[in-house]
Amino acid sequence: MTQALSIDDARSMFLAVAADMIAAKDRLTKADQEIGDGDHGIGMARGFEAVQAKLETETFETLDSLLKAVGMTLLSSIGGAAGAVFGTLFRASAKTLAGRNSLDAESLAIMLAEGFTAIQARGGAKPGDKTMLDALGPASDAAAAAKGGSLSDALTAAVAAAQAGTEATTDMIATTGKARSLGERSVGHRDPGAISTTLILESMVKFVEAMPS
């Protein structure tokens, strides 16, 4: 059970996340073709390819500098609304986490909570609108409830909540983004942004669980 990650290990974790998101390109593209314009997988893969290149050539001393690098890279390379929200997910908590030299359960809870708040403020979406927030909100709440324990436990709780939140988007009517034009026809499909959010967290917990105790 991993209590926390050093900055070097956190960097390695985000490299693993990048590899998994690049590998999920076709899956995300298919999900977006059902209710969007089909470019979500392409954009996410492009963004995480840029993150991979960034993290492979740089080292970081603090958690905020690492998160800021990931967020700014996603923002500038994905483009559009997805770039803005996924960039914000990582960047929003940088100020609060300034100077920390590890990623623990409390830091995770802060990252998810401040990411959720900033994305909601930025785009005007709210839970129930069939967006990434429907995965991120429950994940944030679960991480907050588990922030006194290990990073492993907090991530496990966040993943389970995100998975349930993503599944719940199947029955929602999209009220924002490109899927909004479909109205009730968006019912029956999971939101691609929620799927991506869950995949990121699943990749994080997979990395952490593989760490030596």
Side-chain angles (χ1 to χ4, degrees), residues 1-7 9-11 13-14 16-17 20-21 60 62-71 74-75 82 84-169 172 176 190-191 193-211 213:
M1 184 177 295
T2 301
Q3 293 294 325
L5 296 182
S6 68
I7 297 303
D9 285 338
R11 172 178 163 272
M13 180 188 70
F14 285 123
V17 170
D20 286 342
M21 294 305 290
F60 304 89
T62 59
L63 181 59
D64 58 298
S65 63
L66 174 60
L67 292 176
K68 197 178 298 183
V70 173
L74 292 176
L75 176 65
V85 295
F86 282 96
T88 297
L89 171 60
F90 292 99
R91 291 173 59 229
S93 60
K95 185 175 181 180
T96 303
L97 297 174
R100 297 198 184 198
N101 58 9
S102 66
L103 173 64
D104 57 10
E106 183 190 27
S107 300
L108 174 72
I110 291 170
M111 184 188 95
L112 297 181
E114 296 200 6
F116 176 83
T117 299
I119 291 167
Q120 190 170 23
R122 180 166 192 152
K126 61 186 184 300
D129 286 346
K130 199 180 182 94
T131 71
M132 70 175 293
L133 294 178
D134 293 303
L136 182 57
S140 174
D141 291 343
K147 69 180 180 181
S150 69
L151 178 60
S152 298
D153 288 345
L155 272 170
T156 299
V159 165
Q163 289 170 337
T166 296
E167 194 57 40
T169 65
M172 296 176 185
T176 186
R190 293 181 300 161
D191 176 68
I195 295 173
S196 282
T197 302
T198 301
L199 287 175
I200 289 169
L201 292 169
E202 287 174 347
S203 182
M204 291 171 69
V205 79
K206 182 175 69 173
F207 179 91
V208 169
E209 287 179 345
M211 292 283 292
S213 300

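Between L112 and L201 the shortest side-chain heavy-atom distance falls below 4.5 Å.
Closest approach of V205 and S152 over heavy atoms only: CG2-O, 4.4 Å. Between A143 and L108 the shortest heavy-atom distance is CB-CD2, 4.3 Å. Scanning both residues, A154 and A105, for their nearest heavy atoms gives CB-CB, 3.8 Å. Across all their heavy atoms, K147 and A109 have their closest contact at CB-CB, 4.0 Å. Residues E202 and Q163 approach most closely at OE2-NE2, 2.7 Å, considering heavy atoms. Pairing each heavy atom of G165 with each of P138, the nearest pair is CA-CG, 4.4 Å.
M211 contributes atom CE, which lies 5.5 Å from atom OG1 of T2 (distance to the nearest 0.5 angstrom). Note that the CD1 atom of I7 and the CE atom of M13 stand 10.0 Å from one another [nearest 0.5 Å]. To the nearest 0.5 angstrom, I200 atom CD1 is 7.5 Å from L74 atom CG. In this structure, the separation between CZ on F86 and OG1 on T197 is 4.0 Å, given to the nearest 0.5 Å. With rounding to the nearest 0.5 angstrom, the CG atom of L103 is 7.5 Å from the CE atom of M111. Taken to the nearest 0.5 Å, the OG atom of S196 stands 12.5 Å off from the CG atom of L136.
A donor and an acceptor atom, one from each side chain of T156 and D153, are nowhere located under 3.5 Å apart. Between the side chains of S65 and T62, at least one donor N or O lies within less than 3.5 Å of an accepting N or O. Inspection of the D191 and T169 side chains reveals no N or O donor paired with an N or O acceptor under 3.5 Å.
The only member of L89, T88, L133 that meets side-chain contact (heavy atoms from CB on, under 4.5 Å) when paired with F116 is L133.
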Is there a side chain to side chain contact (heavy atoms under 4.5 Å, CB included) between R100 and I110 once you walk through the steps?
CA-CA 12 Å; R100 297 198 184 198; I110 291 170; 3.7 Å; yes
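Formation of a donor-acceptor pair under 3.5 Å by the D134 side chain with backbone atoms of G128 is found in this model. Without hydrogens or angle criteria, D64 side chain to G99 main chain gives a donor-acceptor distance under 3.5 Å. At least one donor-acceptor pair under 3.5 Å links the side chain of S6 to the backbone N or O of D9. T166 contributes no side-chain N or O that, together with a main-chain N or O of A135, makes up a donor-acceptor pair within less than 3.5 Å.
In this structure, the ring-ring contact (aromatic ring centres under 6.0 Å, His included) partners of F90, at least two apart in sequence or on a different chain, are F14. Listed by chain and residue number, L75, R122 satisfy the side-chain contact (heavy atoms from CB on, under 4.5 Å) test with A84 (two or more places apart in sequence, or in another chain).
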